[in-house]
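Both counts, for ligands and for their atoms, begin at 1 and track the order of listing.
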Amino acid sequence: MKTLIKNGTLVLRDGEKKADILIEDGKISKISANIKADCKVIDAAGKHVLPGFIDMHVHLREPGFEGKEDIESGSKAAVAGGFTQVCCMPNTNPVCDNAVVVSYIKYRQQQVNLCKINPIGAITRGQEGKAMSDIGKMKEAGAVAISDDGKSVADSNVMRLAMEYANGFGIKCLCHCEDANLVDGGVVNEGYNSTLTGLKGSLRAAEDIMIAREIALSESLGIPVHICHVSTYSGVEIIRSAKKRGVKVTAETCPHYFILTDDIITSFDTNTKVNPPVREDKDRKAIIKGLKDGTLDCIVTDHAPHSLKDKQVEYNLAAFGISGIETSFPLSYTYLVKSGQLTLSRLMDLMSYNPATVLNLGGGELKEGAPADITVVDLNEKYVIDSKKFISKGKNTPFNGFEVYGKIICTLVDGIVKYAE
Ligand code: DOR
Ligand code: ZN
Ligand code: ZN
């Protein structure tokens with residue numbers, strides 16, 4: 001089985017280069033100019049050839065919430081968004097807190113056979129924050145990390161024990177940072193716009209306190225930790241100073257935190273409701289700075305598809321979350337690269353290489369011998385985001401009508417075309 005990608009501009013870790021890629025048996029066998037081979041050819045003239053994107057934080061909703069998304073619809077949406085590999089959070093029903101659910105997800109991945117799917121196990125049973133889940137058995141079944149995403153583990157001692165157990169099995173805790181008592185039912189960022197709208201606010205401190213706690217645990221124990229979806233300027237600062245001290249902390253953010261501010265909540269559009277909430281311009285700017293200087297390691301989507309009935313209700317009652325897997329690359333490219341803040345090569349580190357490294361997944365770059373997980377994009381094609389065209393069951397996005405660049409032309413997983421425009 002051979003495929004040749006010809007005439008494209010490759011984005012490598014050290015920059016861009018015009019070259020061809022020969023794929024043999026699912027792997028990149030050769031990167032060089034003018035490769036000749038008698039096989040299927042993908043003409044990438046005028047296009048960019050990128051390492052397949054890796055999203056280490058998505059919600060695929062199966063088992064239990066298939067009305068919002070399922071492994072098949074989520075995988076189709078992922079490859080349409082240029083993703084070749086995703087890691088799915090355990091807040092399903094039943095919760096993915098044991099080896100059976102982990103194996104079920106792996107089995108469904110094989111059936112659907114589009115992108116690679118890595119299950120993330122729960123930290124605690126039922127995500128209830130009390131008893132630890134079967135961390136070792138889940139790891140054995142294929143879990144790549146543990147997380148109680150959707151909430152924090154309130155009990156610091158449970159969190160300490162989970163970090164130690166997970167570390168013993170060679171996997172990390174991915175921490176959703178939120179002090180639930182301090183949030184106290186808040187649905188948006190606490191500030192001018194929460195006062196203006198009368199929507200209940202949630203302080204930055206509710207997030208920062210937990211970021212600081214996870215870092216304190218990581219530092220005291222000497223165990224690596226990963227912070228999910230950073231949204232505050234002050235959280236970026238806590239992580240930056242911890243990294244300076246040598247704490248083994250990594251962190252992610254999402255497109256909505258470096259593009260939007262809470263000015264959008266004045267529309268009362270429930271598609272702007274997400275947890276943590278979008279904050280203010282100084283937060284947005286600090287997150288871009290954190291992406292630039294390496295304080296933030298990864299861009300994830302926190303793809304959180306919801307059905308219409310979960311969103312077409314009063315703001316206070318609506319579900320938190322944004323369906324983001326089909327808009328992540330074009331938004332990141334448009335707002336970070338085209339705007340001159342980052343190089344495309346650096347964006348690929350944030351969307352591919354670093355997530356692969358943080359979770360030890362392998363891949364994440366174009367090089368000879370690597371799995372042929374490859375995304376071809378047209379950076380010149382401008383289009384308008386329209387959620388009606390989403391493949392995901394979740395049409396919940398605050399980005400409808402945004403003009404973006406960066407169309408996904410095709411996505412290859414292990415050398416097989418899994419999406420073509
Ligand atoms: O907005 C969010 N949606 N934040 C979370 O932490 C959970 C997620 C979901 O599962 O819908
Ligand atoms: Zn979360
Ligand atoms: Zn999440």
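Seen from the Zn ion (ligand 2), atom ND1 on H176 and atom NE2 on H229 lie at an angle near 100° (rounded to 10 degrees).
The cationic group of K139 does not satisfy the cation-pi geometry with F169, failing either the under 6.0 Å distance to the six-membered ring centre or the 45° limit from the ring axis.
Atom 4 (N) of ligand 1 has its closest protein heavy atom at N275 O, 2.8 Å. The closest protein non-hydrogen atom to atom 6 (O) of ligand 1 is H176 CE1, 2.9 Å.
In H306, the part holding a heavy atom less than 4.0 Å from any atom of ligand 1 is the side chain.
Between Y335 and F402, the two ring planes are tilted [angle within 30° to 60°].
Using a 4.0 Å cut-off between charged nitrogen and carboxylate oxygen, D293 and K243 do not count as a salt-bridge pair. The pair K130-D155 fails the salt-bridge criterion, with no side-chain N (NZ, NE, NH1 or NH2) lying under 4.0 Å from an Asp/Glu carboxylate O.
Residues N91 and Q127 have side chains that never bring a donor and an acceptor to within less than 3.5 angstrom of each other.
With 2.8 Å as the limit, H57 counts as an N, O or S neighbour of the Zn ion (ligand 3).
Distances from the Zn ion (ligand 3) to each N, O or S atom of D302 single out OD1 as the nearest. The N, O or S atom of D149 with the smallest distance to the Zn ion (ligand 2) is OD1.
When the options D149, L174, V86 are evaluated for a side-chain contact (heavy atoms from CB on, under 4.5 Å) with H57, the one that passes is D149.
Side-chain contact between Y257 and P276: present, with at least one pair of heavy atoms (C-beta onward) separated by less than 4.5 Å.
At a 4.0 Å cut-off, at least one heavy atom of R61 sits close enough to ligand 1 to count as contact.
At a 3.5 angstrom cut-off on N or O pairs, F320 counts as close to ligand 1.
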